[in-house]
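One structure is given below, encoded as structure tokens.
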Amino acid sequence: MTRTADTLLEEIQGPTPGQMLRKRVFGHQGLLFGVAVLGLLLLVAIFAPLLAPHDPYAQDLLARMQPPVFLGGSWEHPLGTDHLGRDYLSRLIYGARISLLIGGFAALISGLIGTAMGVAAGYFGGRVDMAVTFLINVRLAMPVVLVALAIVAVFGGSLQVVILVLGFLLWDRFAVVMRSSTLQVRSREYVTAAQAIGCSTSRVILSEIMPNIVNNLIVVVTLEMAHAILLEAALSFLGLGVQPPTPSWGLMVSEGKQMMLFEPWLVAIPGITLFVLVLAINLLGDGLRDVTAPENRS
Amino acid sequence: MKSLSLKCGVAALALMVAGAAHAGKSDDTLNVAFTKELENVDSYFNSSREGVVLQRAVWDGLVYRDPVTNEYKGNLATSWEWIDDLTLEFKLREGVKFHNGEEFDADDVVYTVNYVADEKNGAKTQRNVNWMKSAEKVDKYTVRISLKKPFPAAIEFLSGPVSIYPNEYYAEAGPTGMGLKPVGTGPYKVTEVEPGKHFVLEKYEGYHDSPKGQPKVGKIDIRTIPDVNTQMAELFSGSLDLIWQVPADQAGKLGAMEQFTVANESTMRIGYLTLDAAGRTGEKNPFTDVRVRRAVAHAVNREALVAALLKGKSKVISTACFPSQFGCFQDVANYEYDPEKAKALLAEAGYPDGFETDYYAYRDREYAEAISSFLNAVGIKTNFHMLQYSALRELRMKGGTPVSFQTWGSYSINDASAITSQFFKFGSLDDSRDEEVRDWLDVADSATDPEKRKEYYAKALTKIADQAYWVPMFSYNTNYVFTNEVSYTPTPDEVLRFVDMSWN
């Protein structure tokens, strides 16, 4: 076996940081699973009109509750039809849009609110910190589901209302995590150095602090996204989320509930899909944390 | 495959509820489930179907309407006659005793009528009783009831919601006491009341010779179980013997199983869309245009709704009342399913691309959703709002709704005045506000000549259909599912009659 200069160098220096990252990523099965499932569902959601075999709103009362193909149904409706004869697979595909839309936007809104508050509190400390901590405590004292139910009951359920309600309710974890991460980073030498050479506050925050706490942010984003998707399903299940005929997985579970004893697949199919999506997002978040956390970098 | 998974599911459920008391024929106790809980057992102070069921079991009225022949028979009264348009005289049955031993006589009738007719006492459904002015005793077994104004449906109401209470006991106990420890003359006496949980009824041995017949089942145990799936699970496990108001799909599945009997009967409840013809939600509301209303009527495939969703004895209806009701004229404009015509009518009315509207419903989300899909298909885009009954009722009273899916059961009163007159006489739930219709209904409601009543109801109903103020959809049915040990033939008025039940 002949050694080239390159391999020799590699043996001496060890792998480059990029190679190490790649190794950690590909060695992490949970992360891979999460990325694969979430990526697939994203594609499904984006290309829903091309993928769905039928119009998810077209009802056919003569073909109600046909079983899915693995329970003796036909390939015309691979996952069967619902209580109004609408194609279950098409509704499931369009439902992915609703879930991801709500998860994504709710996490975005709450992320912006929570991060701004948390970083401000951690960086400035003092009165700002006291005010933010007070707000976080107020927010933590309110049960999310109850408040969401009350607001939706007053304003009526719709996609926009659900996104806004969840966005304005789920920022607490962002604020808590970002605040403590900022506190840790604030007194580091490079921050002090930046301050000493006269960088503006926004520059210190954006280019010195943020890059060093963004891995925590990503984890919280995934957690809250999963949380928002589950809450949307719960609200829709209770009839207060998105309104019919919009296909939502929670709504599908709710509609199938009546027939649960005789046609359990009506509940099982959207239930399993929801489970897989939330699991994938959580695994993705977990994996990202493992891969990016400093203690694993050595 | 399917039947196997079904059996497994059933077995698992049976295991889940194992340990619950297994009752039935062996201990002469019929276990029944109610879906809703009652506000009060006192029948004048609740308005639910379950209340009507208990009322018919525990109390008696002066008159009884045979649910099969619709013939009026004496119950607590033996005969009656109209003295004039405003006075009815009753000869009462002798020897009847209340469950607590109190003797039944004219004083009980006088007390009950005077109590419930007085608005201050707050009987829940005023229209059931507010047509009576007062009652007076002639002698111990003769009584006269005076009316506020001529009211031809008096006998129908006396055979239904007006039941006679024991004067001495009611004076002392009042509605609250009556609700907790009900006393009547009916075929069953109440032995246990746990509000929201369960009621126990026992056969009244001294029941008089009533046209209701004699009770056969010894004990009825009624439990409140809100969830239909739980009810079915308990039926499988044997801790329930009879459930009712079972949705059509589940009833179909249960009917295929050997150990259960499924009986289907129509009810007096009808489903309809009410359209904002009077423009209460705004002058420019599209539904103020008769062409738009007719388009709605043409857009919905009511035959398909009945065949696929309601099933059973439900029928497509075209009039704003239930067909068996007195005065419910049937020969009115019928709008067949024709989406193309609906689109053409919309275009003619200035909405070639349709329009967007708020659409409300409070029950039967499945039906409401199916109807909204039909409307969407012709271009009427609906924003679906599912509200609680009380919330929707309040909304409609305050400012109306452009279009909402409503149902009305007429309290099982077999007379068009219980529905058409209820909604088309400028009440707060009247969405059409048509003076001509109101005036015709006024005549029909108070005329004593049956032919004249029929004529004016026909006029009103014809105009309602012609103008499509309502889009009547279908009549409801209800499924009764019971074990093969039970023998029961339901009646078309949605009243569960324990007195007609027996063991096989």
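Just so it is clear: chains get the letters A, B, ... in the order the sequence lines come, proteins before strands, and each one is counted from 1.
By number of non-hydrogen pairs under 4.5 angstrom with chain A, the leading residue of B:Met386, B:Glu366, B:His385, B:Arg365 is B:Glu366. Contact count versus chain B (heavy atoms, under 4.5 Å) is highest, among A:Met260, A:Gln59, A:Met259, A:Met65, for A:Gln59.
Under the 3.5 Å distance criterion, the side-chain polar atoms of B:His298 are matched with a main-chain donor or acceptor of B:Glu336. Judged purely by atom type and a 3.5 angstrom limit, B:Gln231 uses its side chain to pair as donor or acceptor with the backbone of B:Ile225. At least one donor-acceptor pair under 3.5 Å links the side chain of B:Asn484 to the backbone N or O of B:Glu258.
For a residue to count as touching a neighbouring chain, one of its non-hydrogen atoms must lie under 4.5 Å from one of that chain's; by this rule B:Asn301 does not touch chain A. Contacts between A:Leu84 and chain B at a heavy-atom distance below 4.5 Å involve the side chain alone, from C-beta outward.
Nearest heavy atoms, B:Lys311 versus B:Asn477: O-ND2, 2.8 Å.
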Hey, mind stepping through B:Asp249 and A:Arg64 against side-chain contact (heavy atoms from CB on, under 4.5 Å) and telling me if it holds? CA-CA 10 Å; B:Asp249 294 322; A:Arg64 299 174 62 235; 2.8 Å; yes
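Of residues 86-110 of chain A, those residues with a non-hydrogen atom less than 4.5 Å from any non-hydrogen atom of chain B are, in numerical order, A:Arg86. Taking 4.5 Å as the heavy-atom cut-off, the residues of residues 251-258 of chain A that approach chain B are A:Leu251, A:Glu255, A:Lys257, A:Gln258, ordered by number.
One finds the CZ atom of B:Phe474 at 12.0 Å from the OH atom of B:Tyr272 (value rounded to the nearest 0.5 Å).
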Using a 3.5 Å cut-off and no angle test, enumerate the donor-acceptor pairs between side-chain atoms of residues 302-309 of chain B and protein atoms at least two apart in sequence or in another chain.
| unit_1 | atom_1 | unit_2 | atom_2 | d |
| --- | --- | --- | --- | --- |
| B:Arg302 | NH1 | B:Ile317 | O | 2.8 |
| B:Arg302 | NH1 | B:Pro472 | O | 3.1 |
| B:Arg302 | NH2 | B:Asn334 | OD1 | 2.8 |
| B:Arg302 | NH2 | B:Tyr335 | O | 3.1 |

Which atom pairs, donor and acceptor, lie under 3.5 Å between side-chain atoms of residues 271-278 of chain A and protein residues at least two apart or in another chain?
| unit_1 | atom_1 | unit_2 | atom_2 | d |
| --- | --- | --- | --- | --- |
| A:Thr273 | OG1 | A:Ile269 | O | 2.5 |

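Within the cation-pi definition used here (under 6.0 Å to the ring centroid, within 45° of the axis), B:Arg49 does not qualify as a partner of B:Tyr476.
Between B:Tyr389 and B:Tyr362, the two ring planes are tilted [angle within 30° to 60°].
Ring centroid separation for the pair B:Trp244 and B:Phe482 does not come in under the 6.0 Å cut-off.
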